Protein chains: 2
Amino acid sequence: MFLNINLESSEPIYIQLQHQIIEGIAKGRISPGDPLPSVRSLASDIGINLHTVNKVYQLLKQDGYILIHRQKGVVINPEGPPKADEEYKQSLRANIRPLIAASICRGIEEEEFLQICKELFNEFKEEGEKK
Amino acid sequence: MFLNINLESSEPIYIQLQHQIIEGIAKGRISPGDPLPSVRSLASDIGINLHTVNKVYQLLKQDGYILIHRQKGVVINPEGPPKADEEYKQSLRANIRPLIAASICRGIEEEEFLQICKELFNEFKEEGEKK
DNA sequence: TATCTGTTATATTATGAATATAACAGATAG
DNA sequence: CTATCTGTTATATTCATAATATAACAGATA
């Protein structure tokens, strides 16, 4: 896999895992229909507990990122998660707001902030075109 | 004060407080040199413990947002926090990245994301001009 | 002198993150 | 049929963090 988990980070393991899998989907490194490792094999690959991986899979399932069939195992949802509704956008704003506030206090202008966002979007686009 | 703390939220109280004070500075609701309430009075105003407020003040002091004089009490730092260096921008990118990844998966295009950021910046600008 | 300030110390409770071990039921390969 | 692998559930333990409670100290102030 493309996973790079830092066991020493203050960021919880299950959050890192969740983020990196979602980023993998956004970048097209894993495509709709692709299988994901079993909770046990992924856990032993990374060197963590089975339950930590299971927790992540449950969260991803709940958000519509993956499907879990008793037979086929774990698969990237071909449909993808539901489109962003107003509630989602509201929570998105709530997450960005403190980042912008701190940036303003540190002298990062709107232009520069938007530029950083554009560069991040390019990070995802470029990878998507490699395939 | 302009504080609105949700004691039921899963977001820790000290994080809410920290964010709202920084947002207050970014919006110009509190200006450089302005005093902040004492740890005890603010704590009793909100209905929380003195140590929770003290923790927030220590974090804000550490980041250069406020100054704590033995005499004058707590004051918004006239200098403000240090300008964003490359390390800060790196952590900023790390914070924005998962938001963008999830947005892409949910069908939010770059344009719309940037538009949301612009609106948030306006949130801060508009308030700043009221004074 | 009494009061308010930030600060420090100590202890307790509650919650969440992560682990360990075990077991169950369904599917699959030998 | 048997053995193995799958996700799932249950239970328990360890550890760190968030939040509280109570107390005390030293400097400044009225």
Side-chain angles (χ1 to χ4, degrees), chain A residues 1 3-22 30 33-78 95 98, chain B residues 1 3-22 30 33-78 95 98:
Chain A
M1 289 275 281
L3 298 171
N4 183 15
I5 303 300
N6 179 5
L7 302 179
E8 312 302 322
S9 171
S10 67
E11 188 169 38
I13 299 174
Y14 83 99
I15 296 287
Q16 296 182 49
L17 238 181
Q18 190 186 22
H19 283 172
Q20 291 187 23
I21 292 177
I22 293 175
I30 33 180
D34 283 358
L36 283 184
S38 75
V39 289
R40 286 180 177 83
S41 73
L42 181 52
S44 81
D45 271 11
I46 304 178
I48 62 175
N49 193 277
L50 157 170
H51 293 103
T52 306
V53 176
N54 191 54
K55 182 178 185 174
V56 175
Y57 280 6
Q58 290 302 323
L59 289 171
L60 292 174
K61 181 176 93 177
Q62 206 173 339
D63 289 342
Y65 287 103
I66 64 176
L67 299 177
I68 305 181
H69 301 90
R70 182 58 99 165
Q71 342 143 334
K72 307 176 190 172
V74 181
V75 176
I76 305 296
N77 187 358
N95 285 325
Chain B
M1 290 274 284
L3 299 171
N4 184 14
I5 303 299
N6 179 4
L7 302 179
E8 311 303 320
S9 170
S10 67
E11 188 169 38
I13 298 173
Y14 84 100
I15 296 286
Q16 295 182 49
L17 239 182
Q18 190 186 23
H19 283 172
Q20 291 187 22
I21 292 177
I22 293 175
I30 33 180
D34 283 357
L36 283 183
S38 74
V39 290
R40 285 179 177 84
S41 73
L42 181 51
S44 81
D45 271 11
I46 304 178
I48 62 176
N49 193 277
L50 156 171
H51 293 103
T52 307
V53 176
N54 191 54
K55 182 178 185 174
V56 175
Y57 280 5
Q58 290 302 323
L59 290 171
L60 292 174
K61 182 177 92 177
Q62 206 174 339
D63 289 342
Y65 287 102
I66 64 176
L67 299 178
I68 304 181
H69 301 90
R70 182 57 97 165
Q71 340 143 335
K72 307 177 191 172
V74 181
V75 176
I76 305 297
N77 187 357
N95 285 325

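Given the structure is predicted, the values throughout are model-derived calculations rather than measurements.
Residues from residues 42-53 of chain A that place a heavy atom under 4.0 Å from any atom of DNA chain C, listed by number: A:Ile48, A:Asn49, A:His51, A:Thr52. Shown for residues 14-21 of chain B: residues whose heavy atoms fall under 4.0 angstrom of DNA chain D, namely B:Tyr14.
Listed by chain and number, the residues in a side-chain contact (heavy atoms from CB on, under 4.5 Å) with B:Ser10 amount to none (sequence neighbours excluded). Shown here are the side-chain hydrogen bond (donor to acceptor under 3.5 Å, both in side chains) partners of A:Tyr65, two or more places apart in sequence or in another chain: B:Arg106. In terms of the side-chain contact (heavy atoms from CB on, under 4.5 Å) criterion, residue partners of B:Asn4 (sequence neighbours excluded) are, by chain and number, B:Gln20. For B:Leu67, the side-chain contact (heavy atoms from CB on, under 4.5 Å) partners two or more places apart in sequence, or in a different chain, are B:His69, B:Asn77, B:Pro78. In this structure B:Ser41 satisfies the side-chain hydrogen bond (donor to acceptor under 3.5 Å, both in side chains) test together with B:Ser38, sequence neighbours excluded.
Protein atom CZ of B:Arg40 is 17 Å distant from nucleotide atom P of D:dT29, rounded to whole Å. Atom OH in B:Tyr57 sits roughly 16 Å away from atom P in D:dA19 (whole-Å rounding).
Between the side chain of A:Glu11 and the backbone N or O of A:Gln16 there is no donor-acceptor pair closer than 3.5 Å.
Taking CD1 of A:Ile66 as the reference point, atom CD1 of A:Ile22 lies at 10.0 Å (rounded to 0.5 Å). In this structure, the separation between CZ on A:Arg40 and CG on A:Asp45 is 14.0 Å, given to the nearest 0.5 Å. Distance check, rounded to the nearest 0.5 Å: CD1 of A:Ile68 to CG of A:Leu36 gives 9.0 Å. Annotation: the span from A:Leu42 atom CG to A:Met1 atom CE amounts to 6.0 Å, rounded to 0.5 Å.
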Subject >> Which nucleotides of DNA chain C pair, in dot-bracket form (Watson-Crick or G-U under 3.5 Å, | meaning another strand) >> reply: ||||.|||||||||||||||||||.|||||
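Scanning DNA chain C 5' to 3' for nucleotides with an atom closer than 4.0 angstrom to a non-hydrogen atom of chain B gives a first and last hit of C:dT5 to C:dA9.
By the 4.5 Å heavy-atom criterion applied to side chains, A:Leu17 and A:Ile48 are counted as neighbours.
Of the two residues near DNA chain D, B:Glu11 and A:Gly73, the one whose nearest nucleotide lies more 5' is A:Gly73.
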Tabulate below the donor-acceptor pairs under 3.5 Å that side-chain atoms of residues 50-64 of chain A make, not counting sequence neighbours, or state none.
residue : atom : partner : partner atom : Å
A:His51 : ND1  : A:Asn49 : OD1          : 2.9
A:Tyr57 : OH   : A:Pro37 : O            : 2.7

